[in-house]
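Data first, discussion second: the structure below is written as C-alpha cells.
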Amino acid sequence: MTQFERVADGIRQDIEQGILHVGDLLASERKTAERYSVSRSTVRRAWQKLQALGYVHWTTLSAPTVVNIPLRPHDVSPSAMGKDMGEVPRSSFLSDLMSAAGSAARYNFEIGMPDPDLLPLRELQEVVRDLFSQHVREVFSYSPTQGIARVRQALSEEYLLRRGVDADPDDILITSGSLQGLDYVTDLLAGPGDVIVTEAPTFAGALQVFSSHGAQVLALPMDGEGIALAPLEHALTHSRVRMIYLQTFFQNPTSAVMSLARRHAVLALCKKFEVPIVEDDAYGFLAVKDTQPLRALDPGGHHVIYLNTLSKLLAPGLRVGLVVAPRDVVHYLSLRKQIGDLHTGTVTQLLVEGWLRSGNVTQHIARAQSVYSGRLRTASELVRSHGLRVHGSPTSGFYLFVHLPSRINAYALHEYAANREVLFAPGAAFGIGDTYGDWIRICVSALSTTAIHNGLARLFRMLDSFVP
Ligand SMILES: Cc1ncc(COP(=O)(O)O)c(C=O)c1O
C-alpha cells in the first residue's frame, strides 16, 4: 500500500466506523499530514481518492466534507471459477427486498408492490389469449432495442398523456423496469466522484444505482412542499451538480407530493443552472389534482429526463419501464441497453400494449387511487394514534416513513419482527450513512384494511416490548 492509499484507508475507516459522519469536515491538510507523518501533497492525493470513491466532496477551497458512505462490498473468497471476480457484495437492500417479495410472512409491509388482488385479470387473460393465438410468431421473437414501435405508441397515447406528458414515440425508450432506465441515465450523466442531488430520504434503489457509479449523493431536506429550495440553490451554486433525482408524486419512502409552486420553482432553478432533472414518476398515476409532473411543465423536454414504470400500476414482474428523453439521449441509452440486455421482453411489452388498448385503464387507475389512498389513511391514523411520528402528511401512496421511539435500531427490530411474521423496510437504506437508522418504511399497498389493522397492532406490541 502506498503512502496516500494508507491515508485514504485510515480516513475511510473513520467514516465507515462512524467516527466521522456525513456532513463532517475532514481534519485540515496540515493536521492530517502530521497524524500520518506524510507530506501535504500525499494528503491531497488521499482526498482525491476518497472523492473518486464517493466518500467525500472536495472543492479544494477547504478540507473535504463527508457526503456518503458508499456501499462497501464484503470480502468474498474467489472460487476457482471466479478468480478475478474481485470483491462482490454478498447482500444489498434490493436483494433483501427481492427476498421479501417471496416471503410467506403474514404481514408483509416490506415490499413496494401493487396488490395482486387488484390485477385486471379478465382483461389480461383476453390479451394473452389473443397474443398466443393470433400473434404467436411475434410474441416469441426478438424485438427492437428501443422498444416495439406500437407499444411505444400505446404508452404515449394511453399512459403518458394521462400524466400530461406529450411524448413522441421516438422519444421513448422501453426499459426492463425503470431502475434499468435510471442506471443507464446515471451512466450517461454522472461518473465517479460526480455530485447527484436527491431528496432526503429517497428511493433506496436509486441510491444503490448512484453508489454503483461511484457518484457522491447530496441528499437535501424536504419541507411541506418538496425538496427545500434554499439548500438546492446553495448546492447548485457551490457544487458541480451533474443531475437532480426527484420524485414529484407520492415519493418512496415518504409518499410526499411536491406542490405545484415548488415544481415550477425547482424547474426554474434547474434551467438557471443548466442541470438536468431526472424525474421518477413511478407513483404519479395516484395523483388526482395538480397532477402534472415536471416533464409536463417542461413541454420541450430540454431539462427533464422522465422515468416511469408499469410496476406500480399493473405488475412489477412484467419488468416494463420507460424513459422519455430528447432523441439523442434515447439513442445513447439504446446503445447502452443493447449491451445490457438487447431489449425488454417481447411478451411483456405486447401484454402491456394489449392492456393499455383494452379500455380498462381509466377504471383500473380510479380503483387503485381509491384503494391505496384508503389504505394509507388507515395506516397513518393507526400509526399516529399509537404516538409514532410519520414523515410529512401523506394523503395517498404506497408508503409511510415512520420514526421509531427511543432510537430503536431498525435493523435489530426488523430481525425480531421478521421472526414474528411482520416485515418492513429498515430506514437506513433510504439515506446516506445512518441518517435514518431509527426509521422504518411501512408499505401498505398490498394488504387489506383488516391485515393493516392486525399487522400494525402486532408491530406496536413488539415495539412496546422490544428490548434492543
Ligand atoms: C421511485 C421508484 N422508482 C423505481 C422503482 C423501480 O421500479 P421498476 O420495477 O420499474 O424497476 C421503484 C420501485 O420500488 C420506485 O419506488
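Start at 1 and go down the list; that is how both ligands and their atoms are numbered. The first residue in the sequence is number 1, and the count goes up from there.
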Under the side-chain hydrogen bond (donor to acceptor under 3.5 Å, both in side chains) test, which residues partner His391, sequence neighbours left out?
none
Using a strict cut-off of 4.0 Å, indicate which atoms of ligand 1 neighbour a heavy atom of [X].
{"X": "Leu179", "result": "11 (O)"}
{"X": "Ser311", "result": "8 (P), 9 (O), 10 (O)"}
{"X": "Thr309", "result": "8 (P), 10 (O)"}

Mind checking whether Phe398 has a heavy atom under 4.0 Å from ligand 1?
no
Heavy atom of Gly177, distance to ligand 1 below 4.0 Å:
yes
Side chain, backbone, both or neither: which applies to [X] and ligand 1 if a contact is any heavy-atom pair less than 4.0 Å apart?
{"X": "Asn252", "result": "side chain"}
{"X": "Gln247", "result": "side chain"}
{"X": "Lys312", "result": "side chain"}
{"X": "Pro316", "result": "neither"}

For atom 11 (O) of ligand 1, tell me which residue out of Gln251, Gln180, Arg319, Met113 has the closest non-hydrogen atom.
Arg319
Examine Tyr399 together with Tyr372 and report whether their ring centres are nearer than 6.0 Å.
no
Less than 4.0 angstrom from a charged side-chain N to a carboxylate O is my criterion; do Arg375 and Asp115 meet it?
yes
Below 4.0 angstrom, N of the basic side chain to O of the carboxylate: do Arg163 and Glu279 qualify?
no
Phe424: partners by ring-ring contact (aromatic ring centres under 6.0 Å, His included), with sequence neighbours left out:
His414
Mind checking whether His403 and Trp439 have parallel, tilted or perpendicular rings, split at 30° and 60°?
tilted
What distance separates Leu400 CG from Arg384 CZ, expressed to the nearest 0.5 Å?
7.5 Å
